[in-house]
Amino acid sequence: MPNRRRTTAALTAAVAVAGAAVLAGAPAAQAAVVDVDYACETKIGPKNAVSPVDIKAVRSGSGYTITMSFEKGVSDSPVELPKGVMTPRAELVLGGDASGTVKVKGTPNTAAIPPDTPIKIGTLTGTFTPKKNGKVTFTAGTLTVHALGMDAAVCTPKNNPKPSLELQVTGVSGGSGTPPPADDGGGSDEQLPKTGPLDSAMALGTLGGTVLLTGAAGVLWLTRRTAR
């Protein structure tokens, strides 16, 4: 009985430590506010402006909702822009284990914009649907300000900015980069993924690419088994 209690205690500790290690050691995303130096072609001539850009990702179903926000305006208008006539859009350049671009778009301005004042861009939103697991970076690309029925300003980063977001994509089944299922010789198709030195304990904290905090649940399960 003492040996059994020691085994139960050891497994309980392993589950708790493994769950914490997964959560602390494998962040889903790393974001940084990056200064982007935009060169803008406008209807009133070239403009230049630097704006800090922030990009974030939130898991949504099989993809991610991407948001891009600006701390400063990048252009202004010589005339007043009435409410609802200005809509910004942008492209985010993908890197790492993905390529191409993601399009994000803002909402029309909710208030009139006075003449000769910076146009507030606000938050732009889009969707990224990954095709495979891996690390994906998002970098600010071309920004377009559509106003009064035309593209009033087209702004291109000229300082080769660094990525604003590094996203660790997981849970994509069948795509390149997806780890094969573990084989224990039993022939079962439903295997929890192997994750490292504490394979069995770590597997309890990973399901379908989503990290779960199961330390307390593991303790309860082991305690109930011991009570039997």
Side-chain angles (χ1 to χ4, degrees), residues 22-42 47-75 86-108 119-147 151-180 193 195 206-211:
V22 170
L23 288 174
Q30 295 180 348
V33 177
V34 175
D35 287 339
V36 181
D37 187 358
Y38 284 102
C40 302
E41 293 297 328
T42 76
K47 299 285 185 178
N48 292 279
V50 176
S51 177
V53 171
D54 187 19
I55 301 174
K56 289 184 171 61
V58 176
R59 190 68 182 257
S60 178
S62 60
Y64 295 83
T65 297
I66 306 298
T67 57
M68 180 185 192
S69 57
F70 296 78
E71 292 187 11
K72 296 180 180 179
V74 297
S75 183
M86 187 278 295
T87 303
R89 67 181 187 271
E91 290 184 346
L92 305 181
V93 181
L94 301 177
D97 293 317
S99 60
T101 60
V102 170
K103 297 183 184 300
V104 290
K105 187 176 182 179
T107 56
I119 298 174
K120 183 174 177 57
I121 301 299
T123 300
L124 283 62
T125 305
T127 300
F128 170 59
T129 303
K131 297 180 180 179
K132 63 179 181 179
N133 295 326
K135 187 178 294 183
V136 180
T137 61
F138 296 75
T139 304
T142 301
L143 167 69
T144 302
V145 178
H146 189 82
D151 289 343
V154 179
C155 305
T156 305
K158 64 177 184 179
N159 62 331
N160 193 25
K162 296 180 179 179
S164 297
L165 175 67
E166 184 178 275
L167 178 66
Q168 185 66 49
V169 175
T170 60
V172 180
S173 63
S176 175
T178 304
T195 54
T206 309
L207 179 61
T210 302
V211 176

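Source: prediction; values computed, not measured.
When each of Ser164, Pro157, Pro163 is checked for a side chain to side chain contact (heavy atoms under 4.5 Å, CB included) with Pro161, only Pro157 meets the rule.
Residues Val33 and Glu71 have side chains in contact (heavy-atom distance under 4.5 Å, counting atoms from C-beta outward). The side-chain heavy atoms of Lys56 and Thr123, taken from C-beta on, include no pair separated by under 4.5 Å. Taking 4.5 Å as the limit, every side-chain heavy atom of Lys131 sits out of range of all side-chain heavy atoms of Val172. Counting only heavy atoms from C-beta outward, the side chains of Val169 and Lys132 never approach each other to under 4.5 Å. The closest side-chain heavy-atom distance from Ser60 to Thr127 is not below 4.5 Å.
The two atoms that bring Thr137 and Gly96 nearest to each other are OG1-N, 3.8 Å, heavy atoms only. Looking at every heavy atom in both residues, His146 comes nearest to Asp151 through ND1-OD1, 2.8 Å. Contact detail for Ser62 and Pro130: the closest heavy-atom pair is O-CD, 3.7 Å. Across all non-hydrogen atoms, the minimal contact from Glu166 to Lys135 is CD-CD, 3.4 Å. Summarising the geometry of Tyr64 relative to Arg59, their closest heavy-atom pair is OH-NH1, 3.2 Å, with the distance given to 0.1 Å.
Atom OG1 of residue Thr156 and atom OH of residue Tyr38 lie 9.0 Å apart, to the nearest 0.5 angstrom. Going from atom CG of Leu143 over to atom OG of Ser51 covers 9.0 Å, rounded to the nearest 0.5 Å. Atom CD1 of Ile66 is separated from atom CD1 of Ile55 by 8.0 Å, given to the nearest 0.5 angstrom. For the atom pair NZ (Lys162) and OG1 (Thr139), the distance works out to 11.5 Å, reported to the nearest 0.5 Å. Rounded to the nearest 0.5 Å, atoms OG (Ser69) and CG (Leu124) are 9.0 Å apart. Atom CG of Asp37 is separated from atom NZ of Lys158 by 4.5 Å, given to the nearest 0.5 angstrom.
The backbone N or O of Val36 sits nowhere less than 3.5 Å from a side-chain atom of Asn159 that would complete a donor-acceptor pair.
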N/O donor to acceptor pairs below 3.5 angstrom from side-chain atoms of residues 99-107, sequence neighbours left out:
{"residue": "Lys103", "atom": "NZ", "partner": "Glu91", "partner atom": "OE2", "Å": "2.9"}

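Ring-plane geometry between Phe138 and Phe128 is classed as perpendicular, the angle between the planes exceeding 60 degrees on a 0 to 90 degree scale with a lower cut at 30.
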